[in-house]
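Let me begin by presenting the structure, written as structure tokens, before commenting on it.
In what follows, residues are counted from 1 in the order of the sequence shown. On a predicted model such as this, the values are computed, not experimentally measured, just so you know.
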Amino acid sequence: MMRALATQRRSRGVVLIIVLVVVAVLALGAYAFAELMVSQRSASRLTGRQLQARVLAESGVDMVRFLLGQPRSEREAAGGLFDNAQQFQGITVFDDPDPMERGKFTVLAPNLDEDDQLAGIRYGLGDESARLNLNLLLVADSKLPGSGRTLLKGVPGMTDDLADAILDWVDEDEEPREFGCENEYYSGLTPAYRTANRPLMTLEELLLVRGITPEVLFGYDVNRNGMVDSNEAPGGATAGTDASVQLGWSQFLTLTSKEANLNAAGEPRININQDDLQALYDALTARLGNDAWASYIIAYRQNGPSSGTGQATDWQGGNVDFNRPGNTKFGQVLDLIGSKVQVGGNGGNRLYNSPFPNNIVAMGAYLPMLLDNVSVSDTPVLPGRININQAPKNLLQAIPGMTEQMLTEILSRRVPEPDVNLPIRRHEAWLMAEGIVTLEEMKLLAPFLCAGGDVYRAQVVGYFQGGAMASRVEVILDATESPPRVLLWRDLSHLGRGFAIDTLGVDLAGTLP
């Protein structure tokens, strides 16, 4: 009997222990489940905030696209594209009674001074025409032999070896240049590969070219925010302020620059080399409102320029014989300036002066209208020339025909965006109209220069003022098309916000009603 009672008591004790263990396990399970749910909730909230931050960045890109789709006059009235904090800094998309929860975006770009030194950041877009277009080097070389290497030497740190290696990589032949290399060099590497012998597809492709390293191409700016932070430079110290060291060659190079062949009103420019002279005359008189200008262009096409030194009469316009073909083509619009034509009539051949005289006073009256409305081609876009108003000093210095004296004057007078009250500044020929260069010097420079392109680069940061989440993207937008087209979209979010919240812009005052 006693033994049975003892056995029963032991059984009850075991059951109690088992119950306690089960309760403990269930409690721990419930606790773990609760912790997991809390973690999942936090993760879901963070994921949602990250998606919202991405939407903020996308909103910034959409705003830039909308702005680029507006007429130039409206963009200028809004403060322009180069440095416009009101338009591009701390723009609120999600408002909230709690200032820390407000969602914003900011558009930024690195700022360079006249000596190509980094000078902080600016709130605006980067004009791709302020960079050297690598895929047009061979075009420049065909027009002026050796100019491809000359232009490349404008990139700080570029050597003859590296310049010729780049040109050999993109040209079609297998003949190495003086300091270059072709497949004979690349086939000996491990692993071996061949030269592209075609235009570059991406800037990163340059890393395949002999002698070009990531440090050369991208500098020390690991997080791609347009500056070298203390943790990025070798030894933990900043690498100086030189843009070529901090940002690498990528700050000076592009593959996408181009200009729309349109006037300020968005209308296609008139091709003065077209074959139908009647249609050309009608278009010129309608657009320019000046018969003398239109008829002289026809006379030039029919008779060609004259080198006569006799007494010339000022051109006043007159009857035009459209039955005569226009066998002469213009090389550039500047051919009209200071020219002469010899025209036959009942009284014999007579020499006439151009209605576009080669003097600075007269240029101010006719040059903006002429350059804005006529072209020597009807191609819808023009290849990427270099923006005289924004390009770094080193790139301008390398342009064939550029002298130190010219460069000094240009840097002292130029402004990043043309003054709305000075329409000539919308054209590269302002250098001539303001007496910095002569007509002949301008003709040499003009194939390489423009006063602004129509492809833009933007770095857009979407963020919350509390700093919890951010999304950063880099885009290149082609405004030669309507609506502007995205040529490149690079998500930089994995590299961090890149900028302090104060730099991006905060608004802590006031709340929603």
Identify whether the distance between the nearest side-chain nitrogen and carboxylate oxygen of [X] and [Y] falls below 4.0 Å.
| X | Y | value |
| --- | --- | --- |
| Arg425 | Glu434 | yes |
| Arg149 | Asp141 | no |
| Glu114 | Lys393 | no |
| Glu417 | Arg75 | no |
| Glu259 | Arg269 | no |
| Asp161 | Arg177 | no |

- Message: Surrounding NZ of Lys143 (heavy atoms of other residues, nucleotides or ligands, distance under 6.0 Å), is the total greater than 12?
- Response: no

Taking the side chain as every heavy atom from C-beta outward, state whether [X] and [Y] have any pair of such atoms under 4.5 Å apart.
| X | Y | value |
| --- | --- | --- |
| Glu428 | Phe448 | no |
| Val155 | Asn394 | no |
| Phe330 | Ile297 | yes |
| Met432 | Val437 | yes |
| Asn225 | Arg472 | yes |
| Arg131 | Ser257 | no |
| Glu205 | Leu134 | no |
| Lys258 | Asp478 | yes |

With no hydrogens and no angle check, is any side-chain donor or acceptor of [X] less than 3.5 Å from a backbone partner on [Y]?
| X | Y | value |
| --- | --- | --- |
| Trp169 | Arg198 | no |
| Ser339 | Pro305 | no |
| Asn135 | Leu200 | yes |
| Trp315 | Ala292 | yes |
| Gln302 | Asp321 | yes |
| Asn261 | Leu382 | no |
| Glu74 | Pro71 | no |
| Asn273 | Val376 | yes |
| Arg72 | Gly266 | no |
| Gln390 | Asn387 | no |

Could you tell me the separation between the [atom1] atom of [X] and the [atom2] atom of [Y], rounded to the nearest 0.5 Å?
| X | Y | atom1 | atom2 | value |
| --- | --- | --- | --- | --- |
| Leu162 | Leu167 | CG | CG | 11.0 Å |
| Leu253 | Met158 | CG | CE | 6.5 Å |
| Leu136 | Ile386 | CG | CD1 | 10.0 Å |
| Ile476 | Leu487 | CD1 | CG | 6.5 Å |
| Ile272 | Ile298 | CD1 | CD1 | 9.5 Å |
| Tyr456 | Thr256 | OH | OG1 | 12.0 Å |

- Residue list, side-chain contact (heavy atoms from CB on, under 4.5 Å) with Thr150, at least two apart or on another chain: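 Partners of Thr150 by the side-chain contact (heavy atoms from CB on, under 4.5 Å) criterion come out as none, since no residue qualifies.
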
- Message: My understanding is that only residues two or more places apart in sequence, or in another chain, count here; which of them pass side-chain contact (heavy atoms from CB on, under 4.5 Å) with Pro368?
- Response: Pro423, Ile424

Which atoms form the tightest heavy-atom contact between [X] and [Y], and what is the distance?
| X | Y | result |
| --- | --- | --- |
| Asp314 | Asn353 | OD1-ND2, 3.2 Å |
| Asn197 | Asp168 | OD1-O, 3.5 Å |
| Ala433 | Leu367 | CB-CD2, 4.2 Å |
| Ala57 | Val473 | CB-CG2, 4.3 Å |
| Asp173 | Glu182 | O-OE2, 3.0 Å |
| Gly317 | Ser295 | CA-OG, 3.3 Å |

- Message: Please determine whether side chain to side chain contact (heavy atoms under 4.5 Å, CB included) holds for the pair Phe105 and Glu58, giving the CA-CA distance in whole Å, both sets of side-chain angles, and the decisive distance to 0.1 Å.
- Response: CA-CA 9 Å; Phe105 69 79; Glu58 291 174 349; over 6 Å; no

- Query: Would Met363 and Asn358 satisfy side chain to side chain contact (heavy atoms under 4.5 Å, CB included), going step by step from the backbone distance to the final call?
  - Reply: CA-CA 7 Å; Met363 285 179 188; Asn358 183 17; 3.2 Å; yes

- Item | side chain to side chain contact (heavy atoms under 4.5 Å, CB included) between Val107 and Val64, intermediate numbers included | CA-CA 9 Å; Val107 182; Val64 172; 4.0 Å; yes

Under 3.5 Å, is there a donor-acceptor pair linking the side chains of [X] and [Y]?
| X | Y | value |
| --- | --- | --- |
| Thr480 | Asp454 | no |
| Glu174 | Asn183 | yes |
| Asn263 | Asp372 | no |

- ring-ring contact (aromatic ring centres under 6.0 Å, His included) assessment of Tyr352 paired with Tyr296: CA-CA 9 Å; Tyr352 290 95; Tyr296 183 83; 8.5 Å; no

- Query: Run the side chain to side chain contact (heavy atoms under 4.5 Å, CB included) check on Leu125 and Leu68 step by step: do they pass?
  - Reply: CA-CA 10 Å; Leu125 311 181; Leu68 290 177; 3.9 Å; yes

- Item | Selection residues 362-394 - residue pairs positive for ring-ring contact (aromatic ring centres under 6.0 Å, His included), sequence neighbours left out | Phe356-Tyr366

